[in-house]
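As structure tokens, the structure follows; a few thoughts come after it.
Values reported hereafter were calculated over all heavy atoms of this structure, with side chains retained and with hydrogens, waters and symmetry mates removed. Here is how names work: the chains are called A, B, and so on, in the same order as the sequence lines, proteins then strands, and each is numbered from 1.
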2 protein chains.
Amino acid sequence: MTEPTLSRPGRPRDPERMRRVIDAASRQFLEQGFERTSMDAVARESGVSKMTIYSYFPTKAALFEAVIGQRTDTVFDLDAGETLEPRAPAATLSVIGRRFLALMRADEVMGRHRVLFAAAGIQHEACAAFFRQGPEKLIGGVRDYLDQAVAAGALRPHDTRVAADQFLSLFLGGAHIRAMLGLGKPSPEEDARLVQANVELFMRAYGAT
Amino acid sequence: MTEPTLSRPGRPRDPERMRRVIDAASRQFLEQGFERTSMDAVARESGVSKMTIYSYFPTKAALFEAVIGQRTDTVFDLDAGETLEPRAPAATLSVIGRRFLALMRADEVMGRHRVLFAAAGIQHEACAAFFRQGPEKLIGGVRDYLDQAVAAGALRPHDTRVAADQFLSLFLGGAHIRAMLGLGKPSPEEDARLVQANVELFMRAYGAT
DNA sequence: CCGTCACGATACTTGACCGTATAGTAAAGT
DNA sequence: ACTTTACTATACGGTCAAGTATCGTGACGG
């Protein structure tokens, strides 16, 4: 908690500029990847001088890490909107599935996955941060819900951690790979059927009825 | 079926060279990605002059496509080794799961996925070819087996095509993402448990007993 | 109003890398 | 022998991009 205004001599920094840089860099990194994005292009799109960017971030990799750390926390809040009803797991899992699928179909999210997979050996810290704040947190959230449903007697999985992973992974099959390869996304109807099929599989296996 | 030896004048091509080039390019592309691989490095590693490479492939992208087309067909033959017994789906799916998991854990395969995801918007043809010969063919193979099992009365899925996709996607959860991000592979014991859990989920939902 | 810092504009340095050009050598046919 | 083709070695051209250097301007505090 340092002073918000340190009141140093000279002109203060403009936080708006920083935001514009991150926004432009985010768009370009996630759309074109790390190597194909140039600092000049980021400067041009953000309307900020390249020198200013380098005054914030010492190197291109640093800007990249800032982009990855950005917004990863706001990705997904399971409890947003509808409340998760422990006694109606089929309906609740449908909601979770629909929202997870909408998330995974977003261009920004697919871009993030692509660029981080490509950076696997090189940007270890960014990959680790993403995994913690993304997939791991999501699985944990679903697991928490499953625990409630088990406590309510509505589900009987062997292991809620494993079951949460299984449920979410069901949405990462052929259609997702196809989309990740840039070969087109499924229609909303196909996605709706996917949600239904996956919830049904899950409930058949782990339902208490 | 053209003549194997066309007997043209001049020195014949050395097929061994071509193979060495593809091998070196494959290793580097799948390990470091398209952009970070240089033609000079491929020439150095393969022990072949750069000019010779360009006499085979007009451009770097062409060499890349050749690498992708390569070996994609030999990836996975479902019927290799054990025969698939339609009356014992639990055991058979365990075998399929184990082998699919071994495939997905291979560095070469993960590299292929990484590099093709990264090439999503750029190398459309390579991505399409990979999807057809990889995931699509695999799902089709599992689906064929499920059809046999249904005919034998051992399984009752709603839709074998959907069920095959579901079964395979179960192996693409957190552990797979973690590995794809370069954060380490699970132990053989963890993978064995994963196979067991997934087969159990699948059999509970779709088993005929 | 003056020092200090933020920022823009732009040119520059440096290096990597794709693809080509050139000159010479090796291996096959006729 | 002579031609034709495959191949090596090496150097080169051209482009692009990361990061820097310089000069100028504008904003803020004391």
Side-chain angles (χ1 to χ4, degrees), chain A residues 2-25 27-29 31-67 115 118-119 122-123 126, chain B residues 2-25 27-29 31-67 115 118-119 122-123 126:
Chain A
T2 57
E3 292 279 306
T5 348
L6 197 53
S7 191
R8 291 185 308 169
R11 177 178 178 177
R13 285 193 160 178
D14 184 358
E16 168 69 10
R17 245 168 261 274
M18 173 89 157
R19 203 186 54 74
R20 289 218 308 268
V21 170
I22 296 265
D23 280 1
R27 221 187 52 75
Q28 298 202 23
F29 275 139
E31 191 167 298
Q32 314 182 15
F34 181 80
E35 339 273 346
R36 306 174 68 86
T37 296
S38 82
M39 297 297 267
D40 292 88
V42 172
R44 211 179 314 124
E45 180 177 328
S46 61
V48 165
S49 169
K50 191 163 68 155
M51 282 308 295
T52 304
I53 298 181
Y54 275 103
S55 83
Y56 282 99
F57 308 99
T59 181
K60 187 181 175 183
L63 175 58
F64 178 76
E65 293 207 25
V67 165
V115 79
I122 298 100
Q123 303 269 3
Chain B
T2 56
E3 291 278 307
T5 349
L6 197 54
S7 190
R8 291 185 309 170
R11 178 179 176 175
R13 285 195 161 179
D14 183 0
E16 168 69 11
R17 245 168 261 274
M18 174 88 156
R19 202 185 55 75
R20 288 219 309 269
V21 170
I22 295 266
D23 280 0
R27 221 188 53 75
Q28 299 202 23
F29 276 139
E31 191 167 299
Q32 315 184 12
F34 181 80
E35 340 272 347
R36 305 174 69 88
T37 296
S38 82
M39 296 297 268
D40 292 87
V42 172
R44 210 178 315 124
E45 181 178 328
S46 61
V48 165
S49 169
K50 192 162 69 154
M51 284 306 296
T52 303
I53 299 181
Y54 276 103
S55 84
Y56 282 99
F57 308 100
T59 180
K60 186 181 176 183
L63 175 58
F64 178 76
E65 294 207 24
V67 166
V115 79
I122 298 100
Q123 303 269 5

Closest listed nucleotide, where the reference is the side chain of A:Arg11 and the choices are C:dA6, C:dG19, D:dC7: C:dA6
Can you tell me how far C1' of D:dA18 sits from CZ of A:Arg36, to the nearest Å? 17 Å
Any chance you could list the contact pattern along nucleotides 9-16 of chain C? Use B for base contacts, S for sugar-phosphate-only contacts and - for none, protein heavy atoms under 4.0 Å, 5' to 3'. BB------
Check the distance between D:dT20's P and A:Lys60's NZ and give it to me in whole angstrom. 15 Å
Just so I know, are the side chains of A:Phe57 and A:Ile22 near enough to count as touching, which here means a heavy-atom distance under 4.5 Å? yes
Length of the CZ-P vector between A:Arg44 and D:dA17, whole Å: 9 Å
If you find the nucleotide of DNA chain C closest to B:Pro9 and the one closest to B:Thr59, which residue's nucleotide is nearer the 5' end? B:Thr59
In whole angstrom, what separates A:Ile53's CD1 from C:dG8's C1'? 12 Å
Nearest 0.5 Å, what's the CD-OG1 distance between A:Glu45 and A:Thr37? 9.5 Å
Taking only residues two or more places apart in sequence, or in another chain, which ones meet A:Arg19 in a side chain to side chain donor-acceptor pair (under 3.5 Å)? A:Glu16, A:Asp23
With a 4.5 Å limit on heavy-atom distance, are the side chains of A:Met18 and A:Arg13 in contact? no
Looking only at heavy atoms, what is the nearest atom pair of B:Ala25 and B:Val67, with distance? CB-CG2, 3.8 Å
Nearest-Å distance, CZ (B:Phe34) to C1' (C:dC17)? 12 Å
What pairs with A:Glu31 under side chain to side chain donor-acceptor pair (under 3.5 Å), at least two apart in sequence or on another chain? A:Arg27
Please check if the side chain of A:Ser38 supplies one atom and the backbone of A:Ala41 the other of a donor-acceptor pair under 3.5 Å. yes
What does A:Tyr56 touch in the nucleic acid at a heavy-atom separation under 4.0 angstrom: a base, only the sugar-phosphate, or nothing? sugar-phosphate
Members of residues 12-19 of chain A that approach DNA chain D, where some heavy atom sits under 4.0 Å away: A:Pro12
Rounded to whole Å, how long is the line connecting atom CZ of A:Phe57 with atom C1' of D:dA18? 16 Å
Partners of B:Lys50 by side chain to side chain donor-acceptor pair (under 3.5 Å), sequence neighbours excluded? B:Asp40
Taking only side-chain N and O atoms of B:Thr52, does any of them lie within less than 4.0 angstrom of OP1 or OP2 on D:dT8? yes
Here the distance between atom C1' of D:dT8 and atom OH of B:Tyr54, to the nearest Å, is 16 Å
Over how many whole Å does the gap from A:Asp40 atom CG to D:dG19 atom C1' extend? 10 Å
Under the ring pair (Phe, Tyr, Trp, His ring centres under 6.0 Å) rule, collect the residues that match up with A:Phe29, sequence neighbours excluded. A:Phe34, A:Phe64
